[in-house]
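Take a look at the structure set out below.
For ligands, and for the atoms within them, numbers begin at 1 and follow the listed sequence.
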Amino acid sequence: MSIQLVTTVAGLRAESARLLRSRNGVSQGLVPTMGALHEGHAALAHTAVEQNDVVVASIFVNPLQFGDAVDLDRYPRTLDADLALLEEQGVDLAFAPSVEEVYPGGEPLVRITSGRLGEKWEGASRPGHFDGALTVVAKLLHYGMPAAGLPSGSLPDGSSGAALPAYRAYFGQKDAQQLALVRRMAADLNFPVEIVGVPTVRSDDGLALSSRNRFLSDEEREAALVLSRALRLLEERANAHEPLDVESAQAMIESQPLVALDYFDVVDPGSLEPLAENCRETPFRGEALALIAAKVGPVRLIDNMPLSS
Ligand code: AMP
């Protein structure tokens, strides 16, 4: 089946409802993206297609989450290639609205605030970023919601289709803080959607795939490998039930002159609060997340590693 491109909210709702009905479907998945798609996004789409009867992927570069107009302008836009990648994964609908379609009255007056969880790490370096991101994710989650049950008597056994279709939305572990915030938003505000996290996809040499990697020179790309190497060092320590030795990993990053470290820490996966110091000096037990952000040349990269022991 070929993918269908829709650009309006009304079109998205009509087409997703039609598809769900025509398939007697009981579940719908949404994969929100900003386009410039790569194998990381493909993994989200693939998981969504495996788990749902109808899958929508959105492609929208959200001005509200960019502090810097130059960064927004520079963000890569590759719609034709994106549609081909989504079609290959079996996505049914690509929703690529204009800024006016999403924000018909201009910038919204009422927004989601990401609170304390949105002020640290990425939020500290990019003030307002998560408020803007959560505001558009809230809107996208509304747009992608499946139409309510089938009319009574319309199911093959003659029963009513009153049960609501399942609704799932897919986010990458790559953006760990965003994933934690989306989970909190859905829980705190009772969004009727299951948030599914998908593991980070990396290239063979370990670099986490990102739409921004295309801006790295060969030399910078080589230097950027130190981020995933440092994370892997912590993962090996955790797996061996050894103290995490954050200092050695940090020294490894600082020895790379093209890399300017922003933050590197080991945190609780839910609250993103740093783990107590003693977890670094005693054998590591439990669940944690190592977070890293750095500028490599002109490109800001983030990565993380779930740790479990
Ligand atoms: P973006 O288009 O960068 O906003 O990303 C859209 C979704 O794809 C987000 O949920 C990201 O976390 C996810 N994503 C981006 N890169 C990767 C990756 N390398 N592996 C898995 N998911 C990713």
With heavy atoms only and a cut-off of under 4.0 Å, state how [X] meets ligand 1: side chain, backbone, both or neither.
| X | answer |
| --- | --- |
| Ser210 | neither |
| Pro199 | backbone |
| Leu44 | side chain |

Point to revise | Considering all heavy atoms, the nearest Phe284-Ala238 contact | key: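 Heavy atoms of Phe284 and Ala238 come nearest at CD2-CB, 3.7 Å.
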Review point. What closest approach, in Å, do Val55 and Val91 show between heavy atoms, and which atom pair accounts for it?
Key: O-CG1, 3.6 Å
Revision key, fill the gap. One should read off an interatomic distance between Arg232 CZ and Asn239 CG, to the nearest 0.5 angstrom, of 12.0 Å
Check your understanding: What do you reckon, does His38 put a non-hydrogen atom under 4.0 Å from ligand 1?
Key -> yes
Check your understanding: Quick one: does Phe60 get a heavy atom under 4.0 Å from ligand 1?
Key -> no
Heavy-atom distance to [atom]: which of [options] wins?
| atom | options | result |
| --- | --- | --- |
| atom 5 (O) of ligand 1 | Arg212, Lys174, His41 | His41 |
| atom 2 (O) of ligand 1 | Gln65, Gln178, Met34 | Met34 |
| atom 10 (O) of ligand 1 | Ser58, Gly172, Ala208 | Gly172 |

For ligand 1, which atoms, with element, lie under 4.0 Å from some heavy atom of [X]?
| X | answer |
| --- | --- |
| Thr33 | 2 (O), 6 (C) |
| Tyr75 | 3 (O) |
| Pro32 | 6 (C), 7 (C) |

Check your understanding: Nearest to atom 20 (N) of ligand 1, what protein heavy atom do you find, and at what distance?
Key ->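 Of every protein heavy atom, Val201 N, 2.9 Å lies nearest to atom 20 (N) of ligand 1.
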Practice item. Side-chain contact test, heavy atoms from C-beta onward, threshold under 4.5 Å: evaluate it for Val182 versus Leu134 and give yes or no. Key: yes
Review point. Is it true that atom CD of Glu219 has more than 12 heavy atoms of other residues, nucleotides or ligands lying nearer than 6.0 Å?
Key: no
Check your understanding: More than 12 foreign heavy atoms under 6.0 Å from CD of Glu88: is that the case here?
Key ->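 Atom CD in Glu88 is not packed in, count stays at 12 or less.
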[X]/[Y] ion pair, N-O < 4.0 Å:
| X | Y | result |
| --- | --- | --- |
| Asp68 | Arg300 | no |
| Asp262 | Arg126 | no |
| Arg237 | Asp245 | yes |

Check your understanding: If you measure every N/O of Asp175 against every N/O of ligand 1, is any gap under 3.5 Å?
Key -> yes
Check your understanding: Does Leu209, backbone or side chain, put an N or O under 3.5 Å from an N or O of ligand 1?
Key -> yes
